[in-house]
Amino acid sequence: MREYDHKKIEKKWQTDWEKKRIYQAKDFSKKPKYYSLIEFPYPSGDGLHVGHPRPYIGMDVISRKRRLEGYNVLYPIGWDAFGLPTENYAIKTGKDPRIVTKKNSDTFRRQIKSLGISFDWSREVYTTDPKYYKWTQWIFLQFLKKGLAYKAKIAINWCPKDKIGLANEEVVGGNCERCGTSVEKREKEQWMLGITKYADRLDKDLDTVDYLPQIKLSQRNWIGRSEGAEIDFEIKGSDKKIKVFTTRPDTIFGATYLVLSPEHAFMSFLDDRSLNSKEIKEYVASARKKTEIERTNDEKVKTGVELKGIKAINPANKEKIPIWIADYVLPHYGTGAIMAVPAHDERDFAFAKKYGLEIKNVIEPIFIAKFEEGLPFVERNAISAIIKHWSEDKYLALKWKTVPWVTFVTGGIEKGQTPEAAARHEIREETGFLNLKLTKTLPNTHSKFYHGQKKENRFAHFTNFYFELENGEQVEIDELEGKAKHDVIWLKPDEIEKLLTPEGQIRDWKLLQKDIVYMSDGILANSGKFSGQDSQKAKKEIIKFVGGKEKITFKLRDWGGEPIPVIFCNKCGIVPVPEKDLPVELPKVKNYQPTDSGESPLANIAKWVNTKCPKCKGPAKRETDTMPNWAGSSWYYLRYTDPKNSKAFADKKNLKYWTPVDWYNGGHEHTTLHLLYSRFWHKFLFDLGLVSTSEPYKKRTSHGLILAEGGEKMSKSRGNVINPDDIVKRYGADTLRLYEMFMGPFDQAIAWSEEAIIGPRRFLERVWSMQYKVQKNKKYTEFEIEKTVKKTTEDIEEMKFNTAISALMIFVNEAGKSEFISQEVYEKFLLILSPFAPHIAEEIWRNLGHKKSIHLSDWPKWDENLIRDEEVTIALQINGKVRAEIMIKADSDEEEIKKRALANEAVLRYLAGESAKKVIYVKNRLINIVV
RNA sequence: GCUGGAGUGGCGGAAUUGGUAUACGCGCUAGUUUUAGGAACUAGUGCCGCAAGGCUUGAGGGUUCGAGUCCCUCCUCCAGCACCA
């Protein structure tokens, strides 16, 4: 019996596989293709830590399984090397980023190879390679041609220490993510890509792909589609109009003022027309000075200034309403102006409260409780009354006798009766109390419910009152009307919310304690001819009524990116670099020091910057800003299909064969920006007829981070990095792979444990020693392997690698008990183990006499008939508690089992003479005896 | 604040979706054995209790013959978004 020598085995097979190129994808094949993809790594100087390979191993398991299932698999890798860290590193060391990148990727490659990941190394791409970024630039020129790339002056976050622009994500709490310096706001010309033009498609087409639900959700949130309307508000005494965007046109009768963002174009028209133009100008100027962060982070205290002497006209009710400017209205969303409905919007409410603006209720809440399906609704006008005790902080409620309700006093309004009179009448009848002071009338509410006593569905319209009792004087209550139906109880404030049944009354109570802004749909009120209608249903009619237009708006904004391949000419303006001159290569720069102005270090290299205009041949300058790193990573998966092509970014035939990516796994942190941007690029290329599918990725999943043992992020600066090299040396790549897949759910973050890794190693030891128990032509533990094959096959597809491995372990534990194992069964086992532990599986496979690699074999099938157990254990429960177990033949007769159960000794003991009320049988699972 | 996810032994985590809670692994306890290593093997291991037995899935209520799973209220943690009208 040989020892399990992982070092020898792993080295040997890695060399062999590489020599025979068994993982190289073939362009075009009779086999069906399968394209599995991981996010390509950023090769930092720190080398790999154990967190990096988790997704690679996960997709490796999928890819290896697909090969065994007969697919022609493309599983490529490359290096994403542009971007801030490289630049920062270069700045620090003064070294050429390309040399640094090369060195780093060499380390990464060696480390990844030592794990036995089945990447096709012949298709490696580098985003820093001119042969690659030539095509990034080329795609950019296509954007330019179609008008989807444009230059705009936008505010950027500027770190004065690093002298570098930061993306919003790189600003944490107003400080630079890297160095902690407080970030400034700077205006800078930036290249923008018009992703917003694709917003609708990016949203809709999510229906056509198989992404994890959370991923779709966060993409949808990021795109932020919302349906609403644009409505013009006329300015009194002027032909000017202000256009607002709203998702709640149904609340327009409650719009009591307008708010414009300080950047709004109306401001320039205004000039000195308003009575307080100086104040306004000051406010606009101060808002401009604030950074985006200040504007949104100032604990959301709202400030604003009224445009005095100017009024707008609410098109719904023709009322004159004031106009304000305030920086809580964002310039770049909707029209940069809103109609404020303080009664039904929290932000408007806070603002209105602060500045004493009118608050007009136009939506009355509707509460829908349980009702009988199919029964018509009987409409009733009703009252509800909160009544305070005359001397204590207690409130009157009725505890109903026939139904399990606790309510405030309620009752119908008779014809000709005022609501207040109805309330007083009802209170007297039901409680006998006489001396009430009407303290407050609360807003109306509506409620749909089933009236258990009257046996009908009710649609009640409530007028709500708050009374205070002046004293305890009472009259005798009529037996029938009062006491027979309910008892009067007094509730303390903290009991009310817990005990009260009707939601509407709970709301009344809460409203009495504090302001509540009702923002949901309901019944319209104070809304002219629309009063009484369902707010949701009336939306469209109201838009028509006020002359508005339905409109869909997106949160998504165009994003800045800085391309290289353009030239600025004084005569011709922005001129694209001719395609034949691509790529525009970066010059070798000796000094990578950044400049104070925010210009690229390239700007100092006159020789490179000064060039000729391709159009007029006059003197011109090159764009000196460099591409953001997401540009290169937006299309890299296309390059893998044809990585060496010098005529196009990839040949159409290759693209047609390999795309779309069948399964793309990546980090949670990329589910919005990267994923959205690459979808956008892909759709653009699709529109140009350059790729053959409208979506790049058929399926997308995420993996969780691996954290350090304390649960902290792993990083060199924290000094808690676990290097896979050490693990591979001591336990072997197979153990590491197995452990990473076994440690917990794949999509969840999880802390590394140096202790727990021994488990998978022991498992492999047992797998190893099993080979010495193999018997040919004998069958053992047959149905166990069938079960294991089924479970493993299914779990891998759902990325439930942890339970798949658990099934493998259970098999080995079981099979290990018998003296022998049949070769057939053992081989099946090795095949389903092979995606997780490819080296040991290969070694044993060959030891068993195979000449060809296990990884070129076939994935085993299982026989459903063998899995079905002949006998099953079922539980005997009494009142839901397990008291005994019995063995029965699978699918045996129900009555017979029940008889056996009732005759069971343990059952009889627990029954203790009592007879069974009911016996429930769940097929092949349990019997529950109710006593 | 909003949205999404989660809370199960000493620890990482299972649970065919309403049907025997704690699979698998780590750790721990006892034993066996050895080429003395960061070992291997065998048995045991949710909690309380000597036991019979009782109790257990963040807390509290509810529905059900039966709830980790469904409903309501609340608490805690993680992630993303953050005035998007």
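- Taking atom P on both nucleotides, B:U64 is separated from B:A51 by 38 Å, rounded to a whole Å.
- Distance A:Ile223 CD1 to B:U3 C1': 16 Å, rounded to the nearest Å.
- When heavy atoms are screened at a 4.0 angstrom cut-off, A:Glu885 is found touching base atoms of the nucleic acid.
- Between A:Glu39 and the options A:His703, A:His674, A:His670, a side chain to side chain donor-acceptor pair (under 3.5 Å) holds for only A:His670.
- Among the atoms of the strands shown, only primed sugar atoms or phosphate atoms (P, OP1, OP2) are found under 4.0 Å from some heavy atom of A:Pro745.
- Base pairing of B:U22 is not made with any nucleotide, judged by Watson-Crick or G-U wobble geometry with both donor-acceptor distances under 3.5 Å.
- On the C1' atoms, B:U20 is 27 Å away from B:U29, given to the nearest whole Å.
- Distance from the side chain of A:Tyr333 is smallest to B:A85 among B:G4, B:A85, B:G13.
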Set out, line by line, the N/O atom pairs under 3.5 Å between protein and nucleotides 22-25 of chain B.
{"residue": "B:C24", "atom": "O4'", "partner": "A:Ser806", "partner atom": "OG", "Å": "3.2"}
{"residue": "B:G25", "atom": "OP1", "partner": "A:Asn813", "partner atom": "ND2", "Å": "3.1"}

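- Contact annotation for A:Thr247: backbone-only contact, meaning every heavy-atom pair under 4.0 Å involves sugar-phosphate atoms and none involves a base.
- For B:U8, the O4'-C1' to base torsion is more than 90° from 0; the nucleotide is therefore anti.
- B:G80: glycosidic angle beyond 90° from 0, hence anti.
- For B:C81, the paired nucleotide is B:G1, the pair qualifying as Watson-Crick or G-U wobble because both relevant distances are below 3.5 Å.
- Heavy atoms only, all atoms of each residue included: A:Phe245 and A:Ser226 are closest at CZ-O, 3.9 Å.
- A:Thr701 and A:Asn665 share a side-chain donor-acceptor pair at under 3.5 Å.
- In this structure, CG of A:Asp795 is placed 11 Å from P of B:A14, rounded to the nearest angstrom.
- For the ring pair (Phe, Tyr, Trp, His ring centres under 6.0 Å) with A:Tyr4, the qualifying choice from A:Trp768, A:Phe763, A:Tyr772, A:Tyr731 is A:Trp768, the only one to do so.
- Judged by distance alone with a 3.5 Å cut-off, no donor-acceptor contact links the side chain of A:Lys917 to the base of B:C65.
- Across all strands shown, A:Gln877 has heavy atoms under 4.0 Å from base atoms, whether or not it also approaches the sugar-phosphate.
- Nucleic acid contact for A:Thr671: none, since no nucleic acid atom lies under 4.0 Å from a heavy atom of the residue.
- Between the NZ atom of A:Lys539 and the C1' atom of B:A85 there is a distance of 12 Å, given to the nearest Å.
- In this entry B:A15 has no Watson-Crick or G-U wobble partner, no candidate having both defining distances under 3.5 Å.
- Protein atom CD of A:Glu712 is 15 Å distant from nucleotide atom C1' of B:C78, rounded to whole Å.
- Side chains of A:His332 and A:Arg557: a donor-acceptor N/O pair is present below 3.5 angstrom, by distance only.
- In this structure, A:Tyr355 and A:Phe351 have tilted ring planes: the angle between them lies in the 30° to 60° band.
- Each of A:Lys881 and A:Glu755 was assigned the nucleotide of RNA chain B with the nearest heavy atom; the assignment lying further toward the 5' end belongs to A:Glu755.
- With a 3.5 Å ceiling on both atom-pair distances, the Watson-Crick or G-U wobble partner of B:A59 is B:U73.
- Atom pair A:Leu330:CG and B:A85:C1' shows a separation of 9 Å (rounding to whole Å applied).
- Computed from coordinates, the A:Ile927 CD1 to B:G19 C1' distance equals 13 Å when rounded to whole Å.
- Atom P of B:U73 sits at a distance of 27 Å from the matching atom of B:G80, rounded to the whole Å.
- Side-chain proximity of A:Asp345 to the nucleotides B:U20, B:A85, B:G19 is greatest for B:A85.
- Pairing of B:G49, defined by two Watson-Crick or G-U wobble distances under 3.5 Å, is not identified with any nucleotide.
- Heavy atoms from other residues, nucleotides or ligands lying under 6.0 Å from CD of A:Glu905 number 12 at most.
- The residue A:Leu217 sits close only to the backbone: its heavy atoms come under 4.0 Å of sugar-phosphate atoms, none of a base.
- A salt bridge does not link A:Arg507 with A:Glu503: every distance from a Lys NZ or Arg NE/NH1/NH2 to an Asp or Glu carboxylate oxygen is 4.0 Å or more.
- In this structure, A:Tyr4 places its OH atom 19 Å from C1' of B:C41, rounding to the nearest Å.
- As rounded to whole Å, 24 Å separates atom P of B:C83 from atom NZ of A:Lys353.
- A:Ser218 has no side-chain polar atom (N or O) that falls below the 4.0 Å cut-off from OP1 or OP2 of B:U3.
- Comparing A:Ile929 and A:Met339 along RNA chain B, the residue whose closest nucleotide (by nearest heavy atom) sits nearer the 5' end is A:Ile929.
- Among the heavy atoms of the strands lying under 4.0 Å from A:Arg883 are primed sugar atoms or P, OP1, OP2 only; no base atom is included.
- Remark: B:A43 base-pairs with B:U29; criterion is Watson-Crick or G-U wobble with both hydrogen-bond distances under 3.5 Å.
- Using modelled atom types and a 3.5 Å distance limit, the side chains of A:Thr303 and A:Tyr283 yield a donor-acceptor pair.
- Put simply, A:Gln748 has a side-chain N or O that comes within less than 4.0 Å of OP1 or OP2 on B:G13.
- Distances from the side chain of A:Phe245 to the nucleotides B:U20, B:A85, B:A14 place B:A85 closest.
- Looking at heavy-atom distances under 4.0 Å, A:Ile750 makes contact with sugar-phosphate atoms alone, never a base.
- Residue A:Lys354 qualifies as enclosed at atom NZ: its count of foreign heavy atoms under 6.0 Å is above 12.
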